[in-house]
**Student:** 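This is the structure, below, for whatever I ask next.
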Protein chains: 2
Amino acid sequence: MSDPDISSPPTARDVAKRAGVSVITVSRVMRSAPNVSPAMRDKVRAAALELGYRPNRVAGALRARETGLVAVIVPSMSHSVFPEVIDGIDHGLSGTSLRTVLGITHYDQAREAAILHDLIAWNPAAVIISGLEHHPDVHAMLAGASCPVVEVMDVDGDPIDLCVGTSQQEAGELMAAHLVETGRRRIGYVGAWGERPDRSRKRREAFAAALTRRGLDLAVHIEDAPSSLKTGRAGCAAILAEHPDLDAIHFANDDLALGALFHCRENGIRVPEDIGLAGFNGIELVGMITPRLTTIANPRFEMGICAARMLSRRLNSEYSEGDQDAQVSLPAGDTWHLPLHLSKGDTT
Amino acid sequence: MSDPDISSPPTARDVAKRAGVSVITVSRVMRSAPNVSPAMRDKVRAAALELGYRPNRVAGALRARETGLVAVIVPSMSHSVFPEVIDGIDHGLSGTSLRTVLGITHYDQAREAAILHDLIAWNPAAVIISGLEHHPDVHAMLAGASCPVVEVMDVDGDPIDLCVGTSQQEAGELMAAHLVETGRRRIGYVGAWGERPDRSRKRREAFAAALTRRGLDLAVHIEDAPSSLKTGRAGCAAILAEHPDLDAIHFANDDLALGALFHCRENGIRVPEDIGLAGFNGIELVGMITPRLTTIANPRFEMGICAARMLSRRLNSEYSEGDQDAQVSLPAGDTWHLPLHLSKGDTT
DNA sequence: ATGAAAGCGCTAACAT
DNA sequence: ATGTTAGCGCTTTCAT
């Protein structure tokens, strides 16, 4: 009654021997494939249990030519945006046999290419990648990939395959309209870190264009440092030093805007009386502090969910694992444009 | 000059044919294995490039019995703690050929077991999992895993293999000492969501014990909802309703404490005069707001880095890929106890 | 330094 | 319903 081989885990062959059947029967039972009699199934299951057998997914993936791995490529983990998207993806993927393999590019295009290169070699069931603008190598790999590709976050551009996100154009327009409607005229914009990712630049350009259409200029200041409260503070101080007469500043994201809020508070600048402040993203915090920050709510979690849903639909046959079929409002097209909402706070 | 087969990607065999060599030579070149002449190498590389050949990692992993996948299992993505740990892991793993495969348990033990089950079937090079307390099934799988296991976050307990984290005991003691030294006597504690993860319970117990040793009681209130600013607000209101005379409240984390801070501000409760507030984690925000929140800085990013370093050392032979060798201060043991620091703010 | 043979553990395809 | 055969694409082992 001793284990036949303590060094390596049991294989389907071991189970087959033990149960007195063939390996393919073991395979069928473990995969819950059809055409197996209940008696056989129980016998094999018992043997598998006794040996502690686990089918080797690597071998299965090689033979069946399907890994069930979803390559998820995001630029960063250091603010809440991408974790929330990933959380959404994970939620959306639960109930399928798909697994997330993570790549973090740190906003480095060479790294993005290297990561994608590596992940594609795993023959993933799908790739979910952040943004619509990619290095030519990355674009080529995505276009040539033999699996579905979902580009998330942004819908302003030409998707390679599937796409879910919000419109940066819309964001810029929304904020410009709001600020002008509430009487602001001398408007500034603060970004960070060379405007990575690209969609922050798109939003800024759309914002500027919308102001131009209304006969207004935009003072722009871009900090070198990555986005953070501290950077927002510095950016706010810097743009006000250059343009002391601004009556509103729009920030590339809420972190920056919050930093600016602290700067104003500490320097006796009244918000919103002396100056209006607005961010982008709609993180939980902005609605909790006093004054509540005006921002645009970007549905990050939902984007993840939607990306996973689009994939489930595309891959349906192979990976569904239950009642995913009862799917809610899935739009027909390959691009899923989610709405943005202006969240009016007390700072504008 | 047309592609031999447009439907499926080229294999090593295709490259071998094209270069007029054997498949094993292609394999050697692609892996930069020794015993290949420069001429041969160039010839094969050229052929591979022309065909756009990428070695199939699934096949390689099956034969070589090494996937280079690191299973990372965390309870949640919805606050910054685990993304930061993952970020650290990713940083620490860069420069190796190891890749992160992610599992999110949502604090569900059954789900944790299922995820681990599934990930182990991928024959990972290592498992990094959050916490020291696991479901018996999970513990058994980890103990029986044929790869290194790193338990991160917590060092108070019996690690299965490698371990890196901070001491919850120490955290409880640190905060108790601080509050008592600064004159607080009627102390409360607010947790959330059934005290998941377990280490928040450990901290609370250590905190209570440290107060008992000083002759003080602890009023405890646990909210049902997951941690958030909103929950902190509610928890603060609730514990003060029950114990109006408290002069300090320690919260399971900074999110809760921040919520409480907003509650106090809106209800005319002066902080720190009427009541002291303290959190745990040391997120960026707590040092930026006014008043700065007292908390304990928990080195999340560093834990990730350390976990990756311990793995690099253990797996060194197979996966190192450059100058990782020049490694800094790696402690000798299998458990790496990182220090905590009390971050004194204005709220105590 | 190069190659031939064998087979990792599983599953598709084809019997029976 | 069960089994036999072949082979996924690569790398180990052993020759030369």
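None of these values were measured; they are calculated from a predicted model. Throughout, a chain's letter reflects where its sequence line sits, starting with A, and its residues are numbered from 1.
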**Student:** For DNA chain D, determine which residues of residues 52-62 of chain A have any heavy atom closer than 4.0 angstrom to one of its atoms, and list them numerically.
**Tutor:** L62(A)

**Student:** Heavy atoms of chain A, cut-off under 4.0 Å: which first and last nucleotide of DNA chain D, 5' to 3', fall inside that, if you could look?
**Tutor:** dA1(D) to dG9(D)

**Student:** So, do T11(A) and D14(A) sit near enough that their side-chain heavy atoms are less than 4.5 Å apart?
**Tutor:**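 Result yes, sub-4.5 Å side-chain heavy-atom pair found.
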
**Student:** Roughly how bent is the helix from dA1(C)-dT16(D) to dT16(C)-dA1(D) end to end, in steps of 10 degrees, with each end axis from five pairs?
**Tutor:** 30°

**Student:** Which is more 5' along DNA chain C, the nucleotide nearest P34(B) or the one nearest M30(A)? Just name the residue.
**Tutor:** P34(B)

**Student:** Going 5' to 3' along DNA chain C, which are the first and last nucleotides with any atom under 4.0 Å from a heavy atom of chain B?
**Tutor:**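 Footprint of chain B along DNA chain C, 5' to 3': dA1(C) to dG9(C).
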
**Student:** Check whether the side chains of H117(A) and D137(A) place a donor and an acceptor atom closer than 3.5 Å, and report yes or no.
**Tutor:**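 No - no donor-acceptor pair under 3.5 Å links their side chains.
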
**Student:** Roughly how far, to the nearest 0.5 Å, is CG of D118(B) from CZ of R54(A)?
**Tutor:**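 Here the interatomic distance stands at 7.5 Å.
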
**Student:** Return yes if some donor-acceptor pair links the side-chain N/O of H139(B) with the main-chain N/O of H135(B) below 3.5 Å, else return no.
**Tutor:**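 A pair under 3.5 Å: no.
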
**Student:** Measuring from atom OG1 of T96(B) to atom CG of L315(B), what distance do you get when rounded to the nearest 0.5 angstrom?
**Tutor:**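 One gets 8.5 Å once the value is rounded to the nearest 0.5 Å.
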
**Student:** Can you measure from CD1 (I89(B)) to CG (D87(B)) and round to the nearest 0.5 angstrom?
**Tutor:**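 Rounded to the nearest 0.5 Å, the CD1-CG separation comes to 9.5 Å.
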
**Student:** Indicate yes or no: at least one non-hydrogen side-chain atom of M141(A) is less than 4.5 angstrom from one of I129(A).
**Tutor:**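 Counting from C-beta outward, M141(A) and I129(A) never come under 4.5 Å.
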
**Student:** Could you tell me whether a side-chain N or O of T25(A) sits under 3.5 Å from a main-chain N or O of V21(A), the two making a donor and an acceptor?
**Tutor:** no

**Student:** Nearest 0.5 Å, what's the CE-CG distance between M40(B) and N35(B)?
**Tutor:** 13.5 Å

**Student:** For a side chain to side chain contact (heavy atoms under 4.5 Å, CB included) with Y53(A), tell me which candidate from M30(A), R18(A), R45(A) qualifies.
**Tutor:**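 When M30(A), R18(A), R45(A) are each tested with Y53(A), the side chain to side chain contact (heavy atoms under 4.5 Å, CB included) holds only for M30(A).
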
**Student:** Among C163(A), P159(A), C306(A), find the residue that satisfies the side chain to side chain contact (heavy atoms under 4.5 Å, CB included) test when tested with W336(A).
**Tutor:**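 The option that passes is C306(A).
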
**Student:** Considering only heavy atoms from C-beta outward, does the side chain of H106(A) approach that of V74(A) to under 4.5 Å?
**Tutor:**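 They are not in side-chain contact.
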
**Student:** Which residues satisfy the side-chain hydrogen bond (donor to acceptor under 3.5 Å, both in side chains) test with R31(A), sequence neighbours excluded?
**Tutor:**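 R31(A) satisfies side-chain hydrogen bond (donor to acceptor under 3.5 Å, both in side chains) with S27(A) once adjacent residues are dropped.
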
**Student:** What does T11(B) touch in the nucleic acid at a heavy-atom separation under 4.0 angstrom: a base, only the sugar-phosphate, or nothing?
**Tutor:** sugar-phosphate

**Student:** Are the side chain of T67(A) and the backbone of N123(A) linked by a donor-acceptor contact shorter than 3.5 Å?
**Tutor:** yes

**Student:** Mind listing the residues from residues 35-47 of chain A sitting with a heavy atom below 4.0 Å of DNA chain D? Number order is fine.
**Tutor:** N35(A), V36(A), S37(A), M40(A)

**Student:** Taking side chain as C-beta onward, heavy atoms only, is L162(B) less than 4.5 Å from T335(B)?
**Tutor:** no

